[in-house]
Q: 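Here's a structure for you.
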Amino acid sequence: MKTVKDYIRTIVDFPHEGILFRDVTTLFADPRGFRMCVDQLLAPYAGLPIDKVAGLEARGFILGGAVAHQLSTGFVPIRKKGKLPGATISQSYTLEYGEAVVEIHDDALQPGEKVLLVDDLLATGGTAEAGIRLIERLGGQIAGCAFVVDLPDLGGRKRLEAMGMEVHALCAFEGL
């Protein structure tokens, strides 16, 4: 029987030489693989009081929307700076090659709402940490952080767990 990991292809030297890019588009394209992925992402949270699912740009939108639908909750996008039309709050974070900024609408959450953060991949944890900070600044409470792929060698899981976050990942790949 296939696992979620079996549907993910690796592309060598993308986007830079020496990188093994874990491409989840092959997982999304397969109906059985995609359903398995969504079901496994939400399984630990089924029946818990979750008010919203927040997805990190961009593949987190695909996953987060599907998870929110299955959990019968609302969906909140966390986007790159300048992409949301309403009033926003922003959070900067460090990337391997510089700095970036993500934003959330300033009215996306009500204080006390329980939020599940979803994305396709956990690498260094910088983007996820920025998303967590935004949710917390709006008064949201993180119910968990769910990812398809964990790259443990890059330390993202440890980073988020050090913040007190529960991390759920469907599979892991060694290396960069």
Side-chain angles (χ1 to χ4, degrees), residues 1-8 22 24 27-28 30-79 84 86 88-91 93 102-152 154-173:
M1 174 162 351
K2 287 180 102 172
T3 67
V4 165
K5 190 173 185 176
D6 295 325
Y7 290 96
I8 299 168
R22 308 307 177 170
V24 295
L27 169 66
F28 295 169
D30 186 281
R32 286 192 176 132
F34 187 55
R35 175 170 291 285
M36 178 192 312
C37 173
V38 171
D39 289 348
Q40 290 178 10
L41 275 176
L42 68 86
Y45 310 100
L48 295 180
I50 295 177
D51 301 300
K52 300 272 175 59
V53 173
L56 296 167
E57 187 162 339
R59 290 172 296 274
F61 297 171
I62 298 164
L63 294 162
V67 169
H69 172 76
Q70 289 298 104
L71 292 175
S72 297
T73 66
F75 175 77
V76 175
I78 298 176
R79 300 215 55 190
L84 291 171
T88 62
I89 60 169
S90 59
Q91 181 72 44
Y93 63 100
V102 288
E103 296 179 325
I104 190 171
H105 279 128
D106 66 3
D107 61 356
L109 300 171
Q110 297 301 310
E113 284 190 308
K114 306 265 192 290
V115 181
L116 174 61
L117 183 70
V118 175
D119 203 5
D120 68 318
L121 185 126
L122 177 59
T124 65
T127 308
E129 181 180 348
I132 290 164
R133 300 280 182 224
L134 288 171
I135 292 164
E136 290 176 337
R137 285 172 54 199
L138 291 178
Q141 299 173 2
I142 305 296
C145 302
F147 304 92
V148 177
V149 176
D150 180 18
L151 301 178
L154 297 179
R157 175 185 286 268
K158 289 180 183 173
R159 181 179 186 168
L160 298 184
E161 288 174 344
M163 296 173 64
M165 297 296 124
E166 175 192 314
V167 177
H168 170 60
L170 303 186
C171 64
F173 287 91

Q: Ignoring hydrogens and geometry, is there a side-chain-to-backbone donor-acceptor pair from Lys5 to Ala172 under 3.5 Å?
A: yes

Q: Working to the nearest 0.5 Å, report the span between CG of Leu109 and CD1 of Ile104.
A: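 These two atoms lie 4.5 Å from each other.
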
Q: Restricting to non-hydrogen atoms, name the atom on Leu41 and the atom on Ala146 that form the minimum distance, rounded to 0.1 Å.
A: CD2-CB, 3.8 Å

Q: Could you point out which residue of Lys158, Arg157, Arg159 forms a salt bridge (charged side-chain N to carboxylate O under 4.0 Å, His left out) with Glu161?
A: Arg157

Q: Nearest 0.5 Å, please: how far is CE in Met36 from CG in Leu27?
A: 8.5 Å

Q: Quick one: CG on Asp119 to CZ on Phe147, what's the gap to the nearest 0.5 Å?
A: 6.0 Å

Q: Dump the intermediate steps for side-chain contact (heavy atoms from CB on, under 4.5 Å) on Val102 and Ser90, then the final yes or no.
A: CA-CA 6 Å; Val102 288; Ser90 59; over 6 Å; no

Q: Compare every heavy atom of Ala169 with every heavy atom of Asp150, then report the nearest pair and how far apart it is.
A: CB-CB, 3.8 Å

Q: Test Leu42 against Val53 for side-chain contact (heavy atoms from CB on, under 4.5 Å), laying out the working first.
A: CA-CA 10 Å; Leu42 68 86; Val53 173; over 6 Å; no

Q: Do you know the tightest heavy-atom contact between Asp51 and Glu113?
A: OD2-CA, 3.3 Å

Q: Start with the C-alpha distance between Val76 and His105, add both sets of side-chain angles, then the distance that settles side-chain contact (heavy atoms from CB on, under 4.5 Å), and finish with yes or no.
A: CA-CA 9 Å; Val76 175; His105 279 128; over 6 Å; no

Q: Measuring from atom CD1 of Ile8 to atom CG of Leu121, what distance do you get when rounded to the nearest 0.5 angstrom?
A: 8.5 Å

Q: Could you give the distance from CD (Glu103) to CG (Leu134), rounded to the nearest 0.5 Å?
A: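 Going from CD on Glu103 over to CG on Leu134, the span is 8.5 Å.
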
Q: Are any non-hydrogen side-chain atoms of Leu170 and Val149 less than 4.5 angstrom apart?
A: no

Q: Is Lys52 close enough and on-axis enough to Phe75, meaning under 6.0 Å and within 45°, for cation-pi?
A: no

Q: Using side-chain contact (heavy atoms from CB on, under 4.5 Å), reason through Arg133 and Tyr93 one step at a time and then give a plain yes or no.
A: CA-CA 10 Å; Arg133 300 280 182 224; Tyr93 63 100; over 6 Å; no

Q: Kindly compute the distance separating CD1 (Ile132) from CG (Leu160), expressed to the nearest 0.5 Å.
A: 4.5 Å

Q: Quick check on Arg35: does its CZ atom have over 12 non-hydrogen neighbours (other residues, nucleotides or ligands) under 6.0 Å away?
A: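 No, the 6.0 Å shell around CZ holds no more than 12 heavy atoms from other groups.
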
Q: Of all residues at least two apart in sequence or in a different chain, which pass the side-chain contact (heavy atoms from CB on, under 4.5 Å) check with Leu48?
A: Tyr45, Ile50

